[in-house]
> 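Handing you this structure, nothing more for now.
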2 protein chains.
Amino acid sequence: MDLSRTQQDYIKAIWNLDQLDKKAKMKVVADILLVKPPTVLAMFRQLSKLGIISYDKREGAKLTVAGRGEAEQLIRKHRLIETFLRSVLKIEEPLLHDEAEKLEHVISDQLIMKIDEYLNYPSTDPHGSIIPLSRVGDIQYALHEVEPDIPFKIIQIPMAGKEKNYCIDNDFLPGSEWKIKNVGPKNESFLVTNSEVYLAISDHMAEKIKVTIIRR
Amino acid sequence: MDLSRTQQDYIKAIWNLDQLDKKAKMKVVADILLVKPPTVLAMFRQLSKLGIISYDKREGAKLTVAGRGEAEQLIRKHRLIETFLRSVLKIEEPLLHDEAEKLEHVISDQLIMKIDEYLNYPSTDPHGSIIPLSRVGDIQYALHEVEPDIPFKIIQIPMAGKEKNYCIDNDFLPGSEWKIKNVGPKNESFLVTNSEVYLAISDHMAEKIKVTIIRR
DNA sequence: ATGATTTATTAGACTAGTCTAATTATTGGG
DNA sequence: CCCAATAATTAGACTAGTCTAATAAATCAT
């Protein structure tokens, strides 16, 4: 995952709106980021393709599980940086927030780990907000966590017997790329496709299958 | 002065080459910044227009006084950041340099002042290199320090008597924009122009006239 | 001092992120 | 339920920074 600074700004805006229980409609996001609606539309499409958000005209943009992961790592950085700047350099608002806003895009995972260690793994920032936990590396999800239409790659299928054969027979194997087309009522089954065939996966299989989100 | 990150990278490259007594030829700069020569040429032209460098095919790019000022503020930030990261977070090479390289473009003058204060105004960085002094704000120069062809704006002309009249008669006044066309032998006079008229300014006048570099 | 090699320059194209102007959808108030 | 206001979308254009391919200029080694 290598998102540009701009992409990160959009992700954060959507995350922040979600925290306030507001829909990330285009107009709203445009106003927050001081850009015009067509710009936001272009970025929403880009982020959808990357599996970071799903966008629907009337629902606005919604972060996928993958997108939420990205957002939380950004928030984690922001809050650790604020905590650090506050406690070491005694920086006050508004400088505190402004600098953190810039630094969060630039400080590496490695450095943020050092900062976390220095601060003795704080759980809240100077404003009392919770600092999300670290999840570095390629994040894995169980299949049932992934939203429809988000392309993913299979990492592991810990199956046996006829379930295993079912997967093998349909080329539903580690390394292959699929997406969820539809979710059955009460999440009891998932219709997946690799754009050649469609396959039904039961909920108890879906919970065991490990997957990563792929970017297009 | 609001230079992009990219512009700053070129300025630093030229400054670093100068420290090694090497000419900032296009090929060399291209190799350092991992870009191709046409890209460097485009940037050299841009920086020339901004009065940051002067470029000549066989001499390579040379920083103007204004450009050197920019470079030194960047170096100052870099070295203060390295010192801070080393002494507070015990960061080691190569992380130390890499992070400083990114942070120097993003940390404000205000924050760097806090860091300087925290470190108790160190004069050298962890490698023993000298940390340049701060010169924030719109930097002023005496006219005789400015290189030919670099456009500048007059800030102050502390003249009297017939010198004053000479300036007034020729609209050589605070607020007006000029550049040096030619420097006499032994720097004893400066031919300046505002693209309408040409004017000769003596060295002892030039030393008193305060000026800022302007960007086009 | 001339031909080979290297370097500089031009011309034209691409990407990401942005814009404006015009059009199409959606929505909410009488 | 219809229309006016608002929001979304399309189409087309711009900028900064980059590229490749082709040409021109400089340098260097015999």
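As a basis for the values below, the full set of heavy atoms in this structure was taken, side chains included, without hydrogen atoms, waters or symmetry mates. Here is the naming used below: chain letters follow the sequence lines, and residue numbers restart at 1 for every chain.
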> Using heavy atoms to find the nearest nucleotide of DNA chain C for R58(A) and R5(A) separately, return the residue whose nucleotide is more 5′.
R5(A)

> Among residues at least two apart in sequence or on other chains, which ones pass side-chain contact (heavy atoms from CB on, under 4.5 Å) with A71(A)?
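Here the qualifying residues are I11(A), W15(A), L63(A).
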
> Could you pull out all residues at least two apart from R5(A) that satisfy salt bridge (charged side-chain N to carboxylate O under 4.0 Å, His left out)?
D9(A)

> Listed by chain and number, what are the salt bridge (charged side-chain N to carboxylate O under 4.0 Å, His left out) partners of R68(A), not counting sequence neighbours?
none

> Respond yes when some side-chain nitrogen or oxygen of K57(B) is under 4.0 Å from OP1 or OP2 of dT7(C), and no when none is.
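The answer is no; no side-chain N or O of K57(B) sits under 4.0 Å from OP1 or OP2.
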
> Please classify the nucleic acid contact of T39(B) as base, sugar-phosphate, or nothing, using heavy-atom distances under 4.0 Å.
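If one applies the 4.0 Å heavy-atom cut-off, T39(B) turns out to touch a base.
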
> Using a 3.5 Å distance criterion without hydrogens, assess whether the side chain of S87(A) forms a donor-acceptor pair with backbone atoms of T83(A).
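Yes.
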
> List for me each residue that meets salt bridge (charged side-chain N to carboxylate O under 4.0 Å, His left out) alongside E104(A), sequence neighbours excluded, and say none if there are none.
K12(A)

> What ring-ring contact (aromatic ring centres under 6.0 Å, His included) pairs are there with at least one residue in residues 40-71 of chain A, not counting sequence neighbours?
F44(A)-Y55(A)

> For S108(A), check side-chain contact (heavy atoms from CB on, under 4.5 Å) against everything at least two apart and list the hits.
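Expected list: Q110(A), L111(A), L95(B), E99(B), K102(B).
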
> What are the 5'-most and 3'-most nucleotides of DNA chain D lying under 4.0 Å from any heavy atom of chain A?
dA7(D) to dT10(D)

> Taking side chain to side chain donor-acceptor pair (under 3.5 Å) as the definition, give me every residue that meets it alongside K27(A), ordered by chain and number, with sequence neighbours left out.
D31(A)

> For DNA chain C, which residues of residues 7-33 of chain B approach it to below 4.0 angstrom with any heavy atom?
K25(B), M26(B), K27(B)

> Contact class for F44(A) vs. all strands (heavy atom < 4.0 Å): base, sugar-phosphate, or nothing?
nothing

> Polar pairs (N or O, both sides) under 3.5 Å between protein and nucleotides 1-5 of chain C?
none

> Not counting sequence neighbours, which residues clear side-chain contact (heavy atoms from CB on, under 4.5 Å) with A42(B)? List them please.
none

> Among all residues two or more places apart in sequence or in another chain, which pass the side-chain contact (heavy atoms from CB on, under 4.5 Å) test with E93(A)?
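Only E82(A), L96(A), H97(A), H127(A) meet the side-chain contact (heavy atoms from CB on, under 4.5 Å) criterion with E93(A).
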
